[in-house]
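Below you will find the structure I want to go over with you.
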Amino acid sequence: MKIHAKHAFSGQTWLKNCRVTSVDGKIVKIEEGVTQDSADYSVDVLLPSLANLHSHSFQRAMAGMTEFRKAGKESFWTWRELMYRFLDHLTPEHFEAIAAMVFMEMQEAGYASVGEFHYVHHQPGGSPYAKLSELSDRVFAAARQTGIGLTHLPVLYTYGGVNQEPLMGGQLRFSNDVDRFLSLMEACKTNLPYLPDDAQVGIAPHSLRGTSPDDLAQVLQAAPQGPVHIHISEQLKEVADVEAKLGQRPVAWLLDNVDVDSRWCLIHATHMTEAETIAMAKSGAIAGLCPITEANLGDGPFNGPTYLKHNGAFGLGSDSNVRISLTEELRTLEYSQRLRDMGRNVLVAGEGSTGQTLYAGAALGGAQALGRDAGTIEVGKFADLVAIDRNHPALCALKDAQLLDGLCFVAPDDVVTDTWSAGRHVVQGGRHKDHDAIVTRYKSAISELLEAA
């Protein structure tokens with residue numbers, strides 16, 4: 001496959017009249033100053049696509065259902081109770097239809113890959129399905145249909161709190177001890193031959209409140225390679241509970257007691273001290289930031305300036321999928337910093353384009369978090385690519401050096417024209433190849449859910 005682009009951002013520099021050739025999903029040649037005559041596709045602006053590093057697909061179907069204020073203070077914890085009640089109605093067929101819709105929306109927004117942080121494993125009430133990996137299999141089916149690059153992250157979720165309280169209610173669908181979790185992980189891996197070669201399975205100990213230090217050590221020993229994702233320091237109550245139980249704040253405890261390195265992705269890491277922020281930046285781990293969800297849930301802003309000053313790496317995820325928009329995640333990240341610091345262009349150390357800093361950083365960090373050899377347009381990397389329309393009213397007045405600023409802060413979602421996931425041309429003309437069928441199936445699933453409720 002050959003793609004000609006009038007303008008291409010490699011991840012470091014801008015190229016003109018560029019032709020990118022890929023074979024078996026990998027970029028094998030990049031040529032500059034060529035005509036479009038011999039290319040299979042011609043686009044205006046070509047960029048490395050971002051990875052969506054943190055998704056709970058099923059929550060997409062409850063978007064808009066939790067914005068009614070009841071008496072008393074609404075919080076993450078009250079939202080969570082509503083989420084538990086909602087998921088009790090979901091069948092395996094619903095999970096597959098919702099995941100396909102989410103993955104398609106991600107690709108149409110310009111994401112080429114996803115890290116599915118998958119913690120719903122069992123039937124309502126907690127009984128396992130006849131096949132332990134039933135719901136993970138539904139995620140795999142959705143990935144096959146959409147062609148998205150998948151890093152599947154089955155979740156170890158054993159306890160209802162740091163004092164090892166038992167799971168209750170809707171949480172029972174998450175429950176696994178270490179042995180059953182390892183069996184689930186192996187069952188998931190048996191499905192990899194039925195997925196594209198770029199798919200993989202990592203692990204996700206849910207959080208320091210959802211597992212225990214001993215269980216975490218066992219799982220890490222059993223999975224010495226591949227991505228490791230964990231929720232960390234999202235809520236002040238979580239920080240206080242962990243500190244009371246383990247004697248340290250969550251990020252500090254994790255860095256002091258576990259070999260955290262470049263295969264780790266610490267999701268949220270919202271509430272950190274300066275010392276924790278610096279130590280995390282130096283660890284090589286990725287900060288998995290989900291700005292839209294973090295704003296929706298009232299989590300608070302990430303300590304971006306200190307983290308980036310110390311060369312911390314980050315990527316973006318859509319988490320609860322209340323809104324799937326690559327451009328809005330980027331701008332919400334920067335705007336959260338501006339609102340807190342009452343300044344502008346906060347996430348640039350020194351001087352430079354804020355949009356380029358955000359986009360290039362998120363592209364590299366997201367790829368690292370998913371264990372995916374991508375994030376730049378470079379020979380040997382996956383052809384995870386996105387094309388945007390420079391003639392769109394949001395971008396037509398901008399110079400090359402301003403395009404990523406326009407994309408991050410001005411452009412709507414429909415600026416995306418094409419997306420390739422490891423060379424699979426899944427979005428053309430702004431629409432996924434199976435758009436109508438996926439939407440029809442999703443709407444049918446929602447109708448069933450409304451009737452059941």
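Computed from heavy atoms alone, side chains included, the values below leave out hydrogens, waters and symmetry copies. Because the structure is a prediction, the values reported are computed rather than measured.
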Closest contact, heavy atoms only, Gln107 versus Ser421: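 Reported closest heavy-atom pair: NE2-OG, 3.5 Å.
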Could you list the residues that satisfy ring-ring contact (aromatic ring centres under 6.0 Å, His included) with Phe174, not counting sequence neighbours? Tyr84, Tyr119, Tyr157
With the side chain counted from C-beta on, respond yes when Leu297 and Ser320 share a heavy-atom pair under 4.5 Å apart, and no when they do not. no
Take atom OH of Tyr129 as the centre, draw a 6.0 Å sphere, and report whether it contains more than 12 heavy atoms from other residues, nucleotides or ligands.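 Atom OH in Tyr129 is crowded, with more than 12 foreign heavy atoms closer than 6.0 Å.
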Taking it one step at a time, do Thr419 and Tyr111 satisfy side chain to side chain contact (heavy atoms under 4.5 Å, CB included)? CA-CA 7 Å; Thr419 304; Tyr111 293 108; over 6 Å; no
Got a salt bridge between Arg209 and Asp241, using NZ or NE/NH1/NH2 to carboxylate O under 4.0 Å?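 No.
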For a side chain to side chain contact (heavy atoms under 4.5 Å, CB included) check, start with the C-alpha distance between His425 and Asp418, then their side-chain angles and the critical distance, and finish with the verdict. CA-CA 7 Å; His425 196 183; Asp418 299 79; 2.8 Å; yes
Do the non-hydrogen side-chain atoms of Pro213 and Asn257 ever get within less than 4.5 Å of each other? no
Nearest 0.5 Å, please: how far is CG in Asp384 from CG in Leu47? 12.5 Å
Inter-residue atom distance Glu328.CD - Tyr335.OH, 0.5 Å rounding: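 Interatomic distance, Glu328 CD to Tyr335 OH, rounded to 0.5 Å: 10.5 Å.
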Report the C-alpha distance between Arg144 and Leu195 in whole Å, list the side-chain angles of each, state the deciding distance to 0.1 Å, and finish with yes or no for side chain to side chain contact (heavy atoms under 4.5 Å, CB included). CA-CA 6 Å; Arg144 280 196 301 271; Leu195 291 168; 3.3 Å; yes
May I have all residue pairs that pass side-chain hydrogen bond (donor to acceptor under 3.5 Å, both in side chains) and include part of residues 220-229, sequence neighbours excluded?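 Matches after skipping sequence neighbours: none remain.
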If we only count heavy atoms from C-beta on, is the Arg138 to Glu93 side-chain gap below 4.5 Å?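 Side chain of Arg138 against side chain of Glu93, heavy atoms only: contact under 4.5 Å found.
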Might you work through the salt bridge (Lys or Arg N to Asp or Glu O under 4.0 Å) test for Arg323 and Asp413, ending with a clear yes or no? CA-CA 11 Å; Arg323 172 92 169 95; Asp413 295 330; 3.2 Å; yes
For the side chain of Arg424 and the backbone of Gly147, is there at least one donor-acceptor N/O pair under 3.5 Å apart?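 Confirmed, Arg424 side chain pairs with Gly147 backbone.
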Measure the spacing between CG of Leu326 and CG of Leu407 and express it to the nearest 0.5 Å.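 These two atoms lie 7.0 Å from each other.
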Looking at Thr417 and Ala387, would you say the former's side chain and the latter's main chain have a donor-acceptor pair under 3.5 Å?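 A pair under 3.5 Å: yes.
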Is a donor on one side and an acceptor on the other found under 3.5 Å between the side chain of Glu334 and the backbone of Val346? yes
Backbone of Asp319 reached by a side-chain donor or acceptor of Ser55 within 3.5 Å: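 Pair absent, no side-chain N/O of Ser55 close to backbone of Asp319.
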Once you round to the nearest 0.5 Å, how far does NE2 of His89 lie from CD of Glu448? 13.5 Å
Report the C-alpha distance between Glu274 and Thr306 in whole Å, list the side-chain angles of each, state the deciding distance to 0.1 Å, and finish with yes or no for side-chain hydrogen bond (donor to acceptor under 3.5 Å, both in side chains). CA-CA 7 Å; Glu274 287 286 296; Thr306 298; 3.1 Å; yes
Nearest heavy-atom approach of Leu255 to Ala279 is CD1-CB, 3.6 Å
Taking the side chain as C-beta and beyond, is there a heavy-atom pair between Gln428 and Lys433 under 4.5 Å?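 No, every pair of side-chain atoms sits at 4.5 Å or beyond.
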With rounding to the nearest 0.5 Å, note down the distance linking CD in Gln164 to OG in Ser212. 5.0 Å
I want to check something: taking the side chain as every heavy atom from C-beta on, are Glu96 and Arg441 in contact at a cut-off of under 4.5 Å?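 Result yes, sub-4.5 Å side-chain heavy-atom pair found.
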So, does Glu234 use its side chain to make a donor-acceptor pair with the main chain of Ile267 at under 3.5 Å?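 No; judged by distance alone, with no hydrogens or angles, the pair does not exist.
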Tightest non-hydrogen contact, residues Ala222 and Leu182, listed as CB-CD2, 3.7 Å
Is the side chain of Thr151 donor-acceptor paired with the backbone N or O of Leu370 at a distance under 3.5 Å, no angle test? yes
Kindly say whether the aromatic ring centers of Phe302 and Tyr307 come within a distance under 6.0 Å.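 Yes, the ring of Phe302 comes within the 6.0 Å limit of the ring of Tyr307, centre to centre.
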Is it true that a side-chain atom of Asn321 and a backbone atom of His56 form a donor plus acceptor pair closer than 3.5 Å? yes
Can any side-chain N or O of His121 pair as donor or acceptor with the backbone N or O of Leu135 at less than 3.5 Å?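 Between the backbone of Leu135 and the side chain of His121 there is no qualifying donor-acceptor contact (under 3.5 Å).
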Heavy-atom closest pair (Gly423 atom, Met1 atom, distance to 0.1 Å) is O-SD, 3.8 Å
We want to know whether Asp256 and Gln248 form a side-chain donor-acceptor pair, criterion being a heavy-atom distance below 3.5 angstrom. yes
Validation row: Leu216, Leu254 side chains within 4.5 angstrom (heavy atoms):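 Yes, their side chains come closer than 4.5 Å.
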What is the minimum heavy-atom distance between Pro205 and Val228, and which atoms define it? CD-CG1, 4.0 Å
Are any of the side-chain heavy atoms of Thr270 and Ser233 separated by less than 4.5 Å?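 SC-SC contact between Thr270 and Ser233 ruled out.
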Side-chain heavy-atom pair Leu90, Arg173 within 4.5 angstrom cut-off: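 Leu90 reaches Arg173 side chain to side chain.
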Nearest 0.5 angstrom please: Asp299 CG to Ser336 OG, how far?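 Answer rounded to 0.5 Å: 11.0 Å.
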For Asp434, does its backbone N or O pair with a side-chain atom of His432 as donor and acceptor, under 3.5 Å?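 Flag set: sc His432 to bb Asp434 pair under 3.5 Å.
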As a test of understanding, state which of Glu116, His231, His268 forms a side chain to side chain donor-acceptor pair (under 3.5 Å) with His54.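 Among the candidates, only His231 passes.
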Got a sec: does the CG of Asp197 have more than 12 other heavy atoms crowding it under 6.0 Å? no
Take Leu220 and Ile203 through the side chain to side chain contact (heavy atoms under 4.5 Å, CB included) test and state the conclusion after the steps. CA-CA 9 Å; Leu220 292 174; Ile203 61 170; 4.1 Å; yes
Relative to Tyr41, does Lys2 satisfy both conditions: NZ or CZ under 6.0 angstrom from the six-membered ring centre, and within 45 degrees of the ring's axis?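 The answer is no; the distance or angle limit is not met.
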Examine distances only and state if a side-chain atom of Thr357 and a backbone atom of Ser353 form a donor-acceptor pair shorter than 3.5 Å.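 Present.
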Compare every heavy atom of Ala363 with every heavy atom of Ser49, then report the nearest pair and how far apart it is. O-CB, 4.5 Å
